[in-house]
Amino acid sequence: MWKQKVFPVLCRLEDFKPQNTFPIYMVVHHEASIINLLETVFFHKEVCESADDKVLDLVDYCHRKLILLVARKGGGDLSEEERFQDSTPMQELQKQAEMMEFEISLKALSVLRYITDCVDSLSLSTLNRMLRTHNLPCLLVELLEHSPWSRRVGGKLQHFESGQWQTVAPSEQQKLNKLDGQVWIALYNLLLSPEARARYCLTSFAKGQLLKLQAFLTDTLLDQLPNLADLKGFLAHLALAETQPPKKDLVLEQIPEIWDRLERENKGKWQAIAKHQLQHVFSLSEKDLRQQAQRWAETYRLDVLEAVAPEKPRCGYCNAEASKRCSRCQNVWYCCRECQVKHWEKHGKTCVLAAQGDRAK
């Protein structure tokens, strides 16, 4: 909400000429950190089930991000150097925020797919929100059609993976892209789950949109995701079925609590909030900025993050309590040098790959 309501106002203020935009960048980057965390934890079904009605806010959040992806035009073709050439610090910040928004939206797609994995255990309000209010199946079809994570540059196909555009070799072009896979799995969950099918109203518009999927369901795709054969059968049945008129059932719809509360409490205050933050948060002296940077550095230190972990690390070889980690990959812990030497035969290959990956980043 801050990015939508306050950040644009802040950028328009005439007296907002910060010497250093790093504090604002950290605020904008905070959303990316949170969505990364959510993508990690929502991989586990029990997290989604324990979120209760808070999932409503998360579904709405993901829906907003998917709308941005669908609306995104074929931009982003410029290199980073061209993007930031002859830009003021604030213009650079806004461009960085736009680039980050794209990556955040892709993460939101993954989070939404993990939520659909639990569609049979979601509340009635959440299901109605996904299927009736937002009509997510039709939105996902639009995403497949537009495929904003793919582009052609100089006749070469590129996919957005691991935070950057990567050229796809001709021999790999028939291979299913990870993000396309997330869309297909989400569609499978929403259209073939008994709970979802009972709630989804197949109007003539929805039927027309969903039947577009038939053109994408090639033999090559089915070889990579065999479960989609069930979806292909569903679409063949749908093509012959009668459409349903929009249902007019009386439904008591629950609204997303967090977004609604923040909007209600701060309505009409966005300009005042922006001015207050300009004076007290983003116009820091050099001394204050150094202190803030020191606090950030301490927050993101590995030993600080490990200190709040519920369990102490265990040796990768003998499972005893460990105090030293592999100096190369920093991922595996050991209680002594002897265990590390004994474990190297098993750990060596993955260690080298992890270290190479970190250097590539």
Side-chain angles (χ1 to χ4, degrees), residues 32 35-36 39 59 61-80 83 95 97-117 130-131 134-192 205-232 234-235 238:
I35 195 67
N36 269 299
E39 183 190 28
V59 166
Y61 172 83
C62 293
H63 176 256
R64 287 193 294 272
K65 297 301 178 186
L66 296 196
I67 291 290
L68 289 175
L69 278 180
V70 170
R72 190 174 187 269
K73 297 180 180 177
D77 296 341
L78 296 176
S79 67
E80 199 164 306
R83 277 178 168 272
K95 289 172 183 175
E98 288 172 13
M99 292 166 63
M100 205 179 298
E101 188 68 54
F102 176 57
E103 295 187 47
I104 288 170
S105 299
L106 297 181
K107 295 288 184 183
L109 171 60
S110 296
V111 173
L112 182 67
R113 177 249 140 150
Y114 293 140
I115 293 174
T116 66
D117 285 345
M130 295 170 76
L131 298 171
H134 297 320
N135 198 352
L136 286 180
C138 288
L139 180 58
L140 291 170
V141 173
E142 288 284 320
L143 268 181
L144 274 181
E145 283 192 299
H146 287 78
S147 191
W149 45 81
S150 301
R151 69 181 187 184
R152 286 196 175 269
V153 177
K156 295 182 179 180
L157 177 65
Q158 292 186 340
H159 288 159
F160 192 85
E161 292 181 3
S162 304
Q164 59 184 344
W165 289 101
Q166 298 182 10
T167 301
V168 183
S171 59
E172 296 286 314
Q173 290 187 8
Q174 294 298 315
K175 189 176 178 182
L176 182 65
N177 177 276
K178 279 183 181 179
L179 292 160
D180 285 320
Q182 297 282 37
V183 177
W184 280 114
I185 295 170
L187 280 166
Y188 180 91
N189 291 335
L190 290 173
L191 295 175
L192 297 186
F205 171 77
K207 178 180 176 178
Q209 287 293 103
L210 295 177
L211 289 179
K212 292 179 181 179
L213 296 173
Q214 289 179 312
F216 296 97
L217 287 166
T218 61
D219 291 339
T220 305
L221 177 61
L222 294 175
D223 287 341
Q224 296 175 75
L225 274 179
N227 286 354
L228 293 184
D230 295 334
L231 181 60
K232 187 175 183 178
F234 166 80
L235 293 173
L238 177 63

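For clarity, every value in this text was computed on a predicted model and none was experimentally measured. Residue numbers start at 1 and run along the sequence shown. Just so you know, these numbers use all the heavy atoms, side chains as well, and skip hydrogens, waters and symmetry mates.
Side-chain atoms of Gln224 come within 3.5 Å of backbone N or O of Leu176 as a donor-acceptor pair.
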After noting the C-alpha distance and the side-chain angles of Leu106 and Phe102, does the key distance pass the side chain to side chain contact (heavy atoms under 4.5 Å, CB included) rule?
CA-CA 6 Å; Leu106 297 181; Phe102 176 57; 3.9 Å; yes
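At a threshold of 4.5 Å between non-hydrogen side-chain atoms, the residues Lys207 and Leu238 count as touching. The side-chain heavy atoms of Val70 and Leu66, taken from C-beta on, include no pair separated by under 4.5 Å. The shortest side-chain heavy-atom distance between Leu112 and Leu136 falls under the 4.5 Å cut-off. In this structure, the side chains of Ile67 and His63 come closer than 4.5 Å at one or more pairs of heavy atoms. Using a 4.5 Å cut-off on side-chain heavy atoms (C-beta onward), Trp149 and Val183 make contact. Looking at heavy atoms from C-beta onward, Val153 lies out of side-chain contact with Thr167 at the 4.5 angstrom threshold. A heavy-atom distance below 4.5 Å is not found between the side chains of Ile115 and Asn189. You'll find the side chain of Arg151 stays beyond 4.5 Å of the side chain of Phe160, heavy atoms only.
Between Phe216 and Trp184, the two ring planes are perpendicular [angle over 60°; tilted spans 30° to 60°].
Closest approach of Ala206 and Cys138 over heavy atoms only: CA-SG, 3.8 Å. Closest approach of Ser105 and Leu69 over heavy atoms only: CB-CG, 3.6 Å.
Under the salt bridge (charged side-chain N to carboxylate O under 4.0 Å, His left out) criterion, the residue pairs touching residues 159-180 are Glu172-Lys175, with sequence neighbours excluded.
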